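Accompanying notes for the structure given below.
Predicted model, so just to flag it, every value in this text is computed and none were measured.
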Amino acid sequence: MRTPTMPHRLAAEFIGTFWLVLGGCGSAVFAATFVSEDGTSLGIGFLGVALAFGLTVLTGVYAFGTISGGHFNPAVTLGAALAKRVEWSALPAYIASQLLGGLLAGLVIFVVAKGKDGWTATGNMAANGYGAHSPGGYTLAAVLTAEVVLTFIFLLVILGSTDDRAPKGFAGLSIGLTLTLIHLISIPISNTSVNPARSTAVAFFNGDGAPAQLWAFWAAPLVGAAIAGVAYPVLFGTAEKLAERPVRDDALPGGSPET
């Protein structure tokens, strides 16, 4: 099988990030609090938005993971590079593709949402925020803590699920469900970032303080991802240095599954 070229990989990252933002932020903008003409609430709420983000990553990983690794997130790319899962030279192009894909999705959401009379983008584009711009009024310190810890866990799950020792074929499911859980925890805290591309994609359309607070949603996810990228090989070894009892015993050189 031919190895994907860099243009192929960048296209996968662009489309995958576009899908993540369109599906996740789009569900928050269009469906989270939808009310019918008779006043019936038909919105999907926090649970629905969390599932939407998880489903975009789940489907994206299965669709594009074999091409680019299915990062769709600058923090994931940084953590993967530190864990030696992707070459450092790919980082600038990967991150640029992710940002462009996310921004295009943000533009699509903006254009569609403007089709509703009376709708305004200010404060209504599912932007991340802290303090007065946090859904639950959480402080900057609380938001930074949540974003660092949750991104750290997210990267550990990604690195573990894609490890050569992990059962094959389940990475997308594991990663998607983890992102769903992360959103269930932190939508009230920060509207959930753990992804600088997702935050950037809607911040400038949203306005209302989001651009000024964007630094936090770059800094915290990158720090959490960097810690995980360094820690994972130290804590759990690598494919070349198998744990004493790996998840897949048949991965041992010359070995076979134990009964």
hydrophobic_cluster_shared for V49 and I175, side chain cutoff 4.5 Å: yes

At their closest point, which heavy atom of A231 faces which heavy atom of F152, and how far apart are they? CB-CE1, 4.4 Å

Surrounding CG of D117 (heavy atoms of other residues, nucleotides or ligands, distance under 6.0 Å), is the total greater than 12? no

Least distance between heavy atoms, L100 atom then F14 atom: C-CE1, 3.6 Å

Assigning hydrophobic clusters by single linkage (Ile, Leu, Val, Met, Phe, Trp, Tyr; side-chain heavy-atom cutoff under 4.5 Å), is L155 placed with I95? no

With a 4.5 Å cut-off on side-chain heavy-atom distances among I, L, V, M, F, W and Y, is there a chain of contacts connecting L179 to L51? no

In this structure, CD1 of I67 is separated from CG of L10 (nearest 0.5 Å) by 11.5 Å

Just how far is it from atom CZ of F30 to atom CH2 of W119, taken to the nearest 0.5 Å? 7.5 Å

So which heavy atom on S186 is nearest to which on T192, and how close? OG-OG1, 2.7 Å

Kindly determine whether V86 and R9 satisfy side-chain contact (heavy atoms from CB on, under 4.5 Å), including the steps that lead there. CA-CA 12 Å; V86 66; R9 294 165 65 185; 3.7 Å; yes

Geometric class of the Y130/W215 ring pair [parallel <30°, tilted 30-60°, perpendicular >60°]: perpendicular

Cluster link F236 to L159, ILVMFWY, side chain under 4.5 Å: yes

Between atom CD1 of I109 and atom CG of N124, what is the distance when rounded to the nearest 0.5 Å? 12.5 Å

Does any non-hydrogen side-chain atom of V157 lie less than 4.5 Å from one of S174? yes

Hey, what do you get for OG1 (T180) to CG (L55), rounding to the nearest 0.5 Å? 6.0 Å

Considering only heavy atoms from C-beta outward, does the side chain of Y62 approach that of L173 to under 4.5 Å? yes

Smallest separation among heavy atoms of F217 and G129, with atom names: CZ-N, 3.5 Å

Under the side-chain contact (heavy atoms from CB on, under 4.5 Å) rule, what do N195 and F154 come out as? Steps first, then yes or no, please. CA-CA 10 Å; N195 183 342; F154 190 38; over 6 Å; no

Is there a side-chain contact between F205 and T122 (heavy atoms, below 4.5 Å)? no

Correct closest heavy-atom pair for F72 and Q98 would be N-NE2, 3.8 Å

Between T56 and F53, is there a donor-acceptor pair closer than 3.5 Å when you use the side chain of the first and the backbone of the second? yes

What's the separation between atom NE2 in H8 and atom CZ in F64, rounded to the nearest 0.5 Å? 13.0 Å

Rounded to the nearest 0.5 Å, how far does CG of N128 lie from SG of C25? 7.5 Å

So which heavy atom on N191 is nearest to which on A127, and how close? ND2-O, 2.9 Å

Indicate yes or no for a side-chain donor-acceptor contact from T151 to the backbone of V148 under 3.5 Å, with no hydrogens or angles considered. no

Consider only side-chain heavy atoms of I, L, V, M, F, W and Y, link residues closer than 4.5 Å, and tell whether V194 and L181 are in one cluster. yes

Side chains of S190 and E147: closer than 4.5 Å at any heavy-atom pair? yes

